[in-house]
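Have a look at the structure below before the remarks.
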Amino acid sequence: MEAKSDPYALRRITPLMGLVVALVTASAWYVTWASSDLVSAIMVVPFFALNMTALLVFFSLIIVMMVAMMLPSALPMIMTFHGLTRGQADASTMPRKPTGTIVFTSAYFLVWGAFGVLALLGLTALGLMGPMNGWMLLVPGAVLVGGGAYQLAQAKEVCLRHCQTPFSFVMTHWRSGRFGALRMGLRHASYCLGCCWMFMIVLFVTGTMSLFWMGGISVAIFLEKVVSKQLLLSRVIGVLLLVIGGLVLVQPFIN
């Protein structure tokens, strides 16, 4: 059964709040653009040469990148959580506004930052982040095909359902207090990660962190979470990735 999105989640945004979100998102995109050379340089460092400083810098920049890419799509969930905590702010078990919302949102982006570092370590250890020659030229196409296949998998559907129904998620997984907000933020991030992790692998290996790929993936993620026919859209994106991946796979043989 296809999940129904909350049609009122985005309507809770006031003009001032919308302006703040737009400025934060735009600033994150600017920092992402300005630091793209640094991120690319870290991504091609050999595994044995990566140090804690490089990983901390990468972790920080990935969080900024995730804010740029994910904040608009995460906004319905954040607004739903904030609306419920604000509506019950007088209850002793509820986190005081806006602390709970900040904790919830921070946990979400910290998970994505941690995933970015783990992905970098794993892909670098496998030798998939540097120059590719020989059979390695097939890796970008294979990753795109893998991303397309995951779009059609049941795991994707299950995670997407949790991401696209903010009110249902918050009511089902509600935990009181700031620690509860942290647990909810981590849980929501785990579903979002399960939904979009292959997009990030595609971005790392195939997109080489280009703003074009980032923009395309962020639009796809946003549409998947707000349109009413999200399962159909997810499958269309999957087929598109499969086609592009197939074309990339045959490219070395054509040349």
Side-chain angles (χ1 to χ4, degrees), residues 1-13 21 25 62 65-84 104-105 107-116 118-119 143-174 183-207 213-245:
M1 179 180 295
E2 195 165 314
K4 299 296 183 181
S5 60
D6 180 357
Y8 302 105
L10 293 177
R11 297 180 189 177
R12 300 187 184 100
I13 301 175
V21 170
T25 304
I62 282 295
M65 187 184 80
M66 289 298 101
V67 171
M69 294 180 62
M70 298 290 204
L71 182 57
S73 62
L75 201 55
M77 186 71 72
I78 295 171
M79 291 304 303
T80 300
F81 177 87
H82 180 69
L84 289 175
F104 177 86
T105 307
Y108 175 84
F109 288 112
L110 286 173
V111 167
W112 274 108
F115 172 76
L118 291 175
V143 170
L144 282 165
V145 170
Y150 187 73
Q151 287 292 111
L152 308 178
Q154 185 176 9
K156 166 77 178 191
E157 180 182 347
V158 171
C159 293
L160 183 59
R161 188 181 305 122
H162 283 280
C163 286
Q164 212 218 17
T165 52
F167 186 80
S168 175
F169 172 86
V170 172
M171 296 306 296
T172 301
H173 301 287
W174 179 261
R183 290 180 60 186
M184 292 176 66
L186 294 175
R187 184 180 290 271
H188 172 48
S190 67
Y191 283 123
C192 188
L193 188 61
C195 180
C196 303
W197 71 277
M198 274 302 301
F199 279 144
M200 295 301 106
I201 300 300
V202 167
L203 180 62
F204 275 38
V205 176
T206 305
W213 278 89
M214 289 181 195
I217 289 175
S218 63
V219 169
I221 292 172
F222 177 78
L223 291 177
E224 276 192 339
K225 293 184 180 180
V226 300
V227 300
S228 58
K229 299 292 185 181
Q230 86 281 9
L231 183 56
L232 175 61
L233 176 63
S234 179
R235 289 174 175 172
V236 169
I237 294 173
V239 171
L240 182 61
L241 288 175
L242 287 171
V243 172
I244 296 175

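Note that the structure is a prediction, hence the values are computed from the model and not measured.
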As an exercise, state the distance from CZ of Arg235 to CG of Leu242, rounded to the nearest 0.5 Å. 13.0 Å

Quick one: pull up CZ in Phe204 and CD1 in Ile201 and give me the separation to the nearest 0.5 Å. 7.0 Å

Side chain proximity check, Glu224 to Phe199, heavy atoms < 4.5 angstrom: yes

Rounded to the nearest 0.5 Å, the SG atom of Cys192 sits from the CZ atom of Phe115 at a distance of 11.0 Å

Interatomic distance, CG@Leu203 vs CE@Met200, rounded to 0.5 Å, equals 5.5 Å

May I ask you to decide if Leu231's main-chain N or O and Ser234's side chain share a donor-acceptor pair within less than 3.5 Å? no

Rounding to 0.5 Å, atoms CE (Met69) and CD1 (Ile221) come to a distance of 5.0 Å

Would you sort out whether Val111 and Leu186 count as a side-chain contact (heavy atoms from CB on, under 4.5 Å), showing the intermediate values? CA-CA 7 Å; Val111 167; Leu186 294 175; 3.4 Å; yes

Parallel, tilted or perpendicular for Tyr150 and Trp197, by the 30°/60° rule? perpendicular

Does Met66 reach the side chain of Tyr108, with side-chain heavy atoms less than 4.5 Å apart? no

Residue pair Ile62 / Trp112: nearest heavy atoms and the distance that separates them: CG2-O, 3.8 Å

Spacing of OG belonging to Ser218 relative to CG belonging to Leu223, to within rounding of 0.5 Å: 9.5 Å

Smallest separation among heavy atoms of Ile237 and Ala220, with atom names: CD1-CB, 3.8 Å

Are any non-hydrogen side-chain atoms of Phe104 and His82 less than 4.5 angstrom apart? no

